[in-house]
Amino acid sequence: MNQDQWSTVDRYFTDLLAPADEALAAALADSHAAGLPEIAVAPNQGKLLNLLVAMAGARSVLEIGTLGGYSTIWMARALPADGRMISLEYNPTHADVARANIARAGLDKTVEVRTGAALDILPELEAEGAGPFDFFFIDADKVNNPHYVEWALRLSRPGTIIVVDNVVRGGAVVDAESTEPAITGTRAMFELVSSEPRLDATAFQTVGVKGYDGLLVARVVA
């Protein structure tokens, strides 16, 4: 199999199970028009996040890495009417695009996008008593993945779900000699999760329109 076939299969799944609607299509189009990097989750991955939030019975979600709000919309749609979601975005331009996309999707009363470095905002959330959150999606700068997981634990409860994106790095995650920050950060995150008794986790590889990568899914057990 090759990239073309992976993408064709992804489109088949998406057309049948996760078809785009106006708000989702516009979120991608406006993100592209604003020059945001083309790194949003694939539609079938967005639907997976939507299902995971729903299956977890989550009422509160914290996302680290908003980009243009595409994944945000998928997850926020799975929340109940009184649910809440906070999404953290470092880049002010990205955050503005995301806010507009979220508002067009009718979710601006559910979702708050905060701008700044996540490692600066997370202590503020703790001080505000914003947690515990029921669901975390971590999809930001990979070098800080261990710190983001540590903060997710601090702002969680037993039963909270933590999902970390882009953990395979095209297979380079197994390169113990790598000095590339995204690889070293991802490997440090895996080592943290594997040694953390409060987490029960697995990871899996994915192929599709986004190439070869994967996800880590963890549940807080204590």
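Distance check: Glu177 CD to Thr179 OG1 gives 10.0 Å after rounding to the nearest 0.5 Å. Here the CG atom belonging to Asn166 is positioned 4.0 Å from the NZ atom belonging to Lys142, to the nearest 0.5 angstrom. Within the model, atoms CE of Met55 and CG of Asn50 stand 9.5 Å from one another, a figure rounded to the nearest 0.5 Å. Lys47 contributes atom NZ, which lies 6.5 Å from atom CG of Leu17 (distance to the nearest 0.5 angstrom). How far CG of Leu122 is from CG of Asn144: 10.0 Å, rounded to the nearest 0.5 Å. Taking CD1 of Ile86 as the start and CZ of Arg114 as the end, the distance is 5.0 Å to the nearest 0.5 Å.
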- Task: Let me see the working for Leu119 and Tyr148 under side chain to side chain contact (heavy atoms under 4.5 Å, CB included), right down to the final yes or no.
- Result: CA-CA 8 Å; Leu119 292 178; Tyr148 296 148; 3.8 Å; yes
- Message: If you apply the rule side chain to side chain contact (heavy atoms under 4.5 Å, CB included), what do you find for Phe204 with Val217, and how did you get there?
- Response: CA-CA 9 Å; Phe204 54 91; Val217 180; 4.0 Å; yes
- Message: Pair Thr206, Gln45 - check side chain to side chain contact (heavy atoms under 4.5 Å, CB included), show working.
- Response: CA-CA 10 Å; Thr206 60; Gln45 294 168 346; 4.0 Å; yes
- Dump the intermediate steps for side chain to side chain contact (heavy atoms under 4.5 Å, CB included) on Leu199 and Val220, then the final yes or no. CA-CA 5 Å; Leu199 290 174; Val220 179; 3.8 Å; yes
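Across all their heavy atoms, Val209 and Ala42 have their closest contact at CG2-CB, 3.6 Å. Nearest approach of Ala25 to Ala20, heavy atoms of both residues: CB-CB, 4.5 Å. The shortest heavy-atom contact between Asn145 and Gly185 is CB-O, 4.1 Å. Between Ile64 and Ala118, the shortest heavy-atom contact is CG2-CB, 3.8 Å. Considering all non-hydrogen atoms of both residues, Ile183 and Ser178 come closest at CB-OG, 3.5 Å. Ala182 approaches Arg169 most closely through the heavy-atom pair CB-NH2, 3.8 Å.
Taken together through direct or relayed side-chain contacts under 4.5 Å among Ile, Leu, Val, Met, Phe, Trp and Tyr, Ile161 and Leu155 form parts of separate hydrophobic clusters. At a threshold of 4.5 Å between side-chain heavy atoms, the hydrophobic network of Ile, Leu, Val, Met, Phe, Trp and Tyr places Val193 and Val163 in two separate groups. Hydrophobic clustering of Ile, Leu, Val, Met, Phe, Trp and Tyr side chains at less than 4.5 Å, counting indirect connections, keeps Leu49 apart from Leu62. Hydrophobic clustering (ILVMFWY, side-chain heavy atoms < 4.5 Å, transitive): Phe136 and Leu51 are in distinct clusters. Hydrophobic clustering (side-chain heavy atoms under 4.5 Å, transitive across Ile, Leu, Val, Met, Phe, Trp, Tyr) groups Leu28 together with Val111.
A salt bridge links Asp30 to Arg104: one of the charged nitrogens lies within less than 4.0 Å of a carboxylate oxygen.
Contact of the Pro146 side chain with the Glu191 side chain is not registered, since no non-hydrogen atoms from C-beta on lie closer than 4.5 Å. Residues Met189 and Ile138 form no side-chain contact, since every pair of their non-hydrogen atoms from C-beta on lies 4.5 Å or further apart. When side chains are defined from C-beta on, Thr184 does not count as touching Arg187, because their heavy atoms never get closer than 4.5 Å. At a threshold of 4.5 Å between non-hydrogen side-chain atoms, the residues Trp151 and Pro123 count as touching. Residues Arg157 and Asp134 meet the side-chain proximity criterion, which asks for heavy atoms closer than 4.5 Å. A 4.5 Å side-chain heavy-atom check between Glu196 and Val149 finds every atom pair outside the cut-off. Counting heavy atoms from C-beta on, the side chains of Trp6 and Tyr212 come closer than 4.5 Å. Residues Glu89 and Thr115 have side chains not in contact (no heavy-atom distance under 4.5 Å, counting atoms from C-beta outward).
Listed by chain and residue number, nothing satisfies the ring-ring contact (aromatic ring centres under 6.0 Å, His included) test with Phe137 (two or more places apart in sequence, or in another chain). Evaluation of the salt bridge (Lys or Arg N to Asp or Glu O under 4.0 Å) rule for Asp96 yields Arg99 as partners, not counting sequence neighbours. Every residue was checked against the ring-ring contact (aromatic ring centres under 6.0 Å, His included) condition with Phe135, not counting sequence neighbours, and none meets it.
At least one donor-acceptor pair closer than 3.5 Å links the side chain of Asn101 to the backbone N or O of Gly68. In this structure, Gln3 contributes its side chain and Gly208 its backbone to a donor-acceptor pair below 3.5 Å. Of the possible polar contacts, none joining the Thr14 side chain to the Pro19 backbone as a donor-acceptor pair under 3.5 Å is found. When atom types are taken as modelled, the side chain of Thr160 and the backbone of Phe133 share a donor-acceptor pair closer than 3.5 angstrom. The closest donor-acceptor contact from the side chain of Asp141 to the backbone of Val143 lies at 3.5 Å or more, if one exists at all.
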Show me, pair by pair, the donor-acceptor contacts under 3.5 angstrom made by side chains of residues 71-83, not counting sequence neighbours?
residue: Ser71; atom: OG; partner: Glu63; partner atom: OE2; Å: 2.5
residue: Thr72; atom: OG1; partner: Glu63; partner atom: OE1; Å: 2.6
residue: Trp74; atom: NE1; partner: Tyr70; partner atom: OH; Å: 3.3
residue: Arg77; atom: NH1; partner: Asp21; partner atom: OD2; Å: 2.6
residue: Arg77; atom: NH2; partner: Asp21; partner atom: OD1; Å: 3.4
residue: Arg77; atom: NH2; partner: Asp21; partner atom: OD2; Å: 3.1
residue: Asp82; atom: OD1; partner: Arg59; partner atom: NH2; Å: 2.7
residue: Asp82; atom: OD2; partner: Arg59; partner atom: NH2; Å: 2.3

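Hydrophobic clustering, defined by side-chain heavy atoms of Ile, Leu, Val, Met, Phe, Trp and Tyr closer than 4.5 Å, groups Leu67 together with Leu36, Ile39, Val97.
Atom OH of Tyr12 has 12 or fewer neighbouring heavy atoms from other residues, nucleotides or ligands inside a 6.0 Å radius. Crowding of Phe190 atom CZ: a count of heavy atoms from other residues, nucleotides or ligands under 6.0 Å exceeding 12. Within 6.0 Å of CD in Glu128 there are more than 12 heavy atoms belonging to other residues, nucleotides or ligands.
Residue pairs meeting the salt bridge (Lys or Arg N to Asp or Glu O under 4.0 Å) criterion with at least one member in residues 211-222, sequence neighbours excluded, do not occur.
Of the options Val164, Leu48, Thr202, a side-chain contact (heavy atoms from CB on, under 4.5 Å) to Leu215 is made by Leu48 and by none of the others.
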